Protein chains: 2
Amino acid sequence: MRATSIATVCLSGALDQKIDAIARAGFDGIELFEPDLIASYSSPEEIARRVADAGLRIDLYQPIRDVEATTPDAFARALRRAKSKFDVMRQLGVDTALLCSNVATAATDDDDVMAEQLYELAQAAADSGVRVAYEALAWGRHVSTYDHAWRIVESVDHPALGVCLDSFHILARGSDLDGIARIPGEKIFYLQLADAPRMNLDPLSWSRHHRLFPGEGDWDLVDFTGRVLDAGYSGPLSLEVFNDVFRQSQPVLTARDAWRSLARLDMQLDARTATSAPNPAVRGVSFAELQPGDVGQLELLLKMLGFARRGVHRRKDLSLWVQNEARVVVNRSLLGATTRIAAIGLDVADAEVVHRRAAALRIPRAPRDRASDEAPLDGYVAPDETIVFADGDVAGWLGEFEHPAPVEPVGITRIDHVSLVMPWQRAAEAQLFFSSLLELRRSASVDVSSDRGLMSSTALTPAAPGPGVIINVPPAPGMESMFVNHLAFTCTDIHSTLEILRARNIRTLSVPDNYYDDLLARGDLSEKAVARLRALDLLYDRDDDGEFFHAYLPAMDGVEFELVQRTHGHRGYGAVNAPVRLAALRAEASPHRYAWREGVRAAN
Amino acid sequence: MRATSIATVCLSGALDQKIDAIARAGFDGIELFEPDLIASYSSPEEIARRVADAGLRIDLYQPIRDVEATTPDAFARALRRAKSKFDVMRQLGVDTALLCSNVATAATDDDDVMAEQLYELAQAAADSGVRVAYEALAWGRHVSTYDHAWRIVESVDHPALGVCLDSFHILARGSDLDGIARIPGEKIFYLQLADAPRMNLDPLSWSRHHRLFPGEGDWDLVDFTGRVLDAGYSGPLSLEVFNDVFRQSQPVLTARDAWRSLARLDMQLDARTATSAPNPAVRGVSFAELQPGDVGQLELLLKMLGFARRGVHRRKDLSLWVQNEARVVVNRSLLGATTRIAAIGLDVADAEVVHRRAAALRIPRAPRDRASDEAPLDGYVAPDETIVFADGDVAGWLGEFEHPAPVEPVGITRIDHVSLVMPWQRAAEAQLFFSSLLELRRSASVDVSSDRGLMSSTALTPAAPGPGVIINVPPAPGMESMFVNHLAFTCTDIHSTLEILRARNIRTLSVPDNYYDDLLARGDLSEKAVARLRALDLLYDRDDDGEFFHAYLPAMDGVEFELVQRTHGHRGYGAVNAPVRLAALRAEASPHRYAWREGVRAAN
């Protein structure tokens, strides 16, 4: 794997904690952020020793600011300051300083003046045995593009002056990347990587609040990094990422997430040149394992939803409930106050690909109790503690369940998707977990209304139509427990499924009449079609790809069950209906309106 | 006071809760947001009855979208839908519908086509006995400015078609406001008000996430609203404000804050025409009242800081500590686990102005135990529960303290500022509290680093140089208790004050050597000046207005004490030094480094 580095500004906490976290995550080096040095009670020599003891190098000292394009007076002051920083660098044992293009004090928009001043700076650096990497900030006063910075560095032509390429500044400006190939590799002194969500925000705020690790945002960092490597850059892949989330996270978790993002980028860079890269090829959700709040009530609900008890596990206290390809494992040995989704199985073509990736990403396998004659089935712990199994052989483990019970199916065919609420601080990491381990494709996030603010919801899509896994992130940290996970089953014909359920006295959440009046006014559906939806409390959405019908069962102590039907490859999940669903959940709090619980109680 | 209204979309919760909250806050009417209707289990007639029973009107039905500039086919569908909404409006008893300019389906950039279609829509509205207010969204496809919308409405010339002016869309576009005077008042069917922080963000995201109530953002809504009223608009002042904070707030609190913002706007509109508006003229902080965690330790600290016990209250269990104009009341009858700032006094020229304003804003006076022979002194509860007294007569209440003790002053002259941590959800309300009640001027917010993310810090400035009150907002809701309030005292000569304190074995927080090495490298100060700062652990900042010196005492169980000196009218408060201060606080956790606690213990 290529050498990796990370700026200390990426992590929260004191410098010593940062160094420890970076070393433990597996990095080779750090960029030392000057304010971290200034706020440290250790001398530069002590810091250098601490870094070396942790098995790290200091790859970069950063940043030096506002040197070039200044008046002679201001330049003299800036140069004096820079020289004293070069001394500090010598004490630290670091040979490269980052110089940001002038944003504040730039007086002259004159490349020749800048070149002269940078020559003098480079000479001073060389005298101190260090070198300077010049970086164009996207909001630089006169120099804001990498090619402009390179033109100046080229004209200075001093061995102690090169460029630093930072993916954020370059991609945020939408610069043409072809110019990278024209920079000699040995003049690219440093490479900083950051990803970001696509936004229409001024680059400074965008940079300060929304940077992400590679693979967590919307940019193609494989292409970008590949171009820099192709130009002959031989230094570390280094991260400079700050955002409002990381500032609130534990440095050890952030550093681990950061390292994995580079490990994945490294894999993707290797795959550029490979003829075919191995892909786990997720086909869908093969099973969900529930930890029941009330076993009796959960199993009864499954039964009424037409699931057959396919059997009980021959060794463990598990019961398996099946309807066509929809499989729910009830783990009776896990006891909880409420029902929760303890694990999901993803149906993959090749589980070994997943396991090899996990090893490369240093994602530890979840511990599992397996007897030697049982099917191999291994999983990994997602950021919300759900175990995600790479299920390459469904038939294998199905055979471990015995004593099937009779079945009265209602037309459920498989698990459509599972929605998981991720910790606010680990939302980007969660996306990276699913994309790096399983190559699930991420769609654009949507804001979903809730009583407690906007929840950010992102679908992760396997090859099949429909989302597979949905990651929901609460509006603010600490609000995770106010939201529940849910499990959506696909029906062949949701209208007839709901009719069968009604006959069994199971009602889904009641939908307001006004909703259907509005559907009618939209004019997309006939009066008859709307009347059918209204009669069954069915929610509806459509897009260019087709239609989506869905209905919710009242919340089951912590997990919501949903029934869905999608036509013609519709890929959504009814986010537009969230306000109505919320209203329905609120109304459910008046229990006299709903027969569902009574139905279950009566059947009990 | 002018009639007030608010859109139901401003509040969280179910429609019934919103109506209750709006009525309780004192509004006259509502804008009914269509999704709130759709998610309601009540019929339009039932909703109309509920609104009337609450003493409200429905002033507006909103929004109708994407009607004009469409293909004949799409227009026919949109018209059919609009007609059915006009029926709903009749059932609701509302006569005006909001039509937003087309953002999505606009096919034709042709004002004549739009005018024809809008004429037909207006005719359909008239047939149903309602009217349509056309609003240019800032991100409208072809119509995005109010004057363009007005030109089309003018050419349609139909009595049932007018414009809706929304301050957000108009001010976000930076439109010339002179055109408002050219719209006849009776054609301005509706006025929507929202404030916003100055941002460089695309208008859609800006609108969706960052709207604020009037007076809480950066725009001049007095001027804007005045222009609309001058044009002859006679409808209600109506709020349409949504942001990520309100979505997480209790509807009753948000509605009250909203109503107050209009009450203040109403006062300001009146003041436009008055020759001189009464101003409470805050001159500074006259006292701070502390609820002690440990009375003995707190009083001992005050004594060592050179405060004299000016006396004990003749009736209540209060002690008053004074040094020049710096006054601290220790309330021994309030017991707390930690020390906290229970109240502050603001030295105002005319307390009656504050009390009259509070009455107009419906801010209730804080209950207070006062005997008939005691000085009148009344206050109001800020969103963080601190009581803010309008102190118009310091000498009055000073006379109630008796039995002074001797004094050994150290050069503290007055309270420079008080920093209060406000609840995250009520940050904007807190700014409005201080500006509307006390006319404190707000400076731009700055992001201050903390171990738990960026804290947003806003200075509220009286006439004197220096901030007066600082409002700090934690990075996320629920984090309030992780941050402490603090109390900063002004010194005539902070160097000599610190020297006296050292002689008394009281040390301020130790500052890293690297900080001074960096100060020296900056070249703003001589070696000697830096050496003096270093010897006294003094922090330093400067700007064009002058210099700022400050030092922190280790946290006193919940309140931080700071000593400051500002020269030549410097108005900052050392936010730039926050990372170093944080590091110092962290280091304080290793108690062997600090003599302060030992000093206090020894003196005990």
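Here the structure is a predicted model, which means the values were calculated and not measured. In the text below, chain A, chain B and the rest are named by the order of the sequence lines, each starting its count at 1.
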### Query
For B:Ser510, does its backbone N or O pair with a side-chain atom of A:Tyr41 as donor and acceptor, under 3.5 Å?
yes
#### Entry: Partner chain A: residue of B:Asp202, B:Leu520, B:Leu582 with the largest heavy-atom pair count (under 4.5 Å)
B:Asp202
### Task
With rounding to the nearest 0.5 Å, note down the distance linking CZ in A:Arg586 to CD in B:Gln17.
6.5 Å
### Message
Using heavy-atom distances under 4.5 Å, tell me whether A:Ser449 contacts chain B through its side chain, its backbone, both, or neither.
### Response
neither
### Message
Report which part of B:Asp447 has an atom under 4.5 Å of a heavy atom belonging to chain A: side chain, backbone, both, or neither.
### Response
side chain
### Query
Looking at B:Leu204, B:Asp87, B:Asp36, B:Asn514, which one has more heavy-atom pairs under 4.5 Å with chain A than the rest?
B:Asn514
### Message
Within this structure, what is the CD1-CG distance for the pair B:Ile38 and A:Asn577, rounded to the nearest 0.5 Å?
### Response
10.0 Å
### Message
Under a 4.5 Å cutoff for heavy-atom pairs, which residue among A:Ser205, A:Ser42, A:Gly13, A:Gly523 has the most contacts with chain B?
### Response
A:Gly13
#### Entry: chain A contact via B:Lys83 - side chain, backbone, both or neither, heavy atoms under 4.5 Å
neither
### Task
Determine, stepwise, if the pair A:Asp518 / B:Glu34 fulfils side chain to side chain contact (heavy atoms under 4.5 Å, CB included).
CA-CA 9 Å; A:Asp518 180 64; B:Glu34 186 177 83; 3.9 Å; yes
### Query
Which bit of B:Ser40 is near chain A, if near means a heavy-atom gap under 4.5 Å: side chain, backbone, both or neither?
both
### Message
Rounded to the nearest 0.5 Å, what separates atom CG in B:Asp517 from atom OG in A:Ser84?
### Response
8.5 Å
### Message
I need the A:Leu454 CG to B:Arg208 CZ distance, nearest 0.5 Å.
### Response
8.5 Å
### Message
How close do B:Pro579 and A:Ala39 get, counting heavy atoms only, and between which atoms?
### Response
O-CB, 4.0 Å
#### Entry: Euclidean distance, A:Leu201 CG relative to B:Asn200 CG, rounded to 0.5 Å
7.5 Å
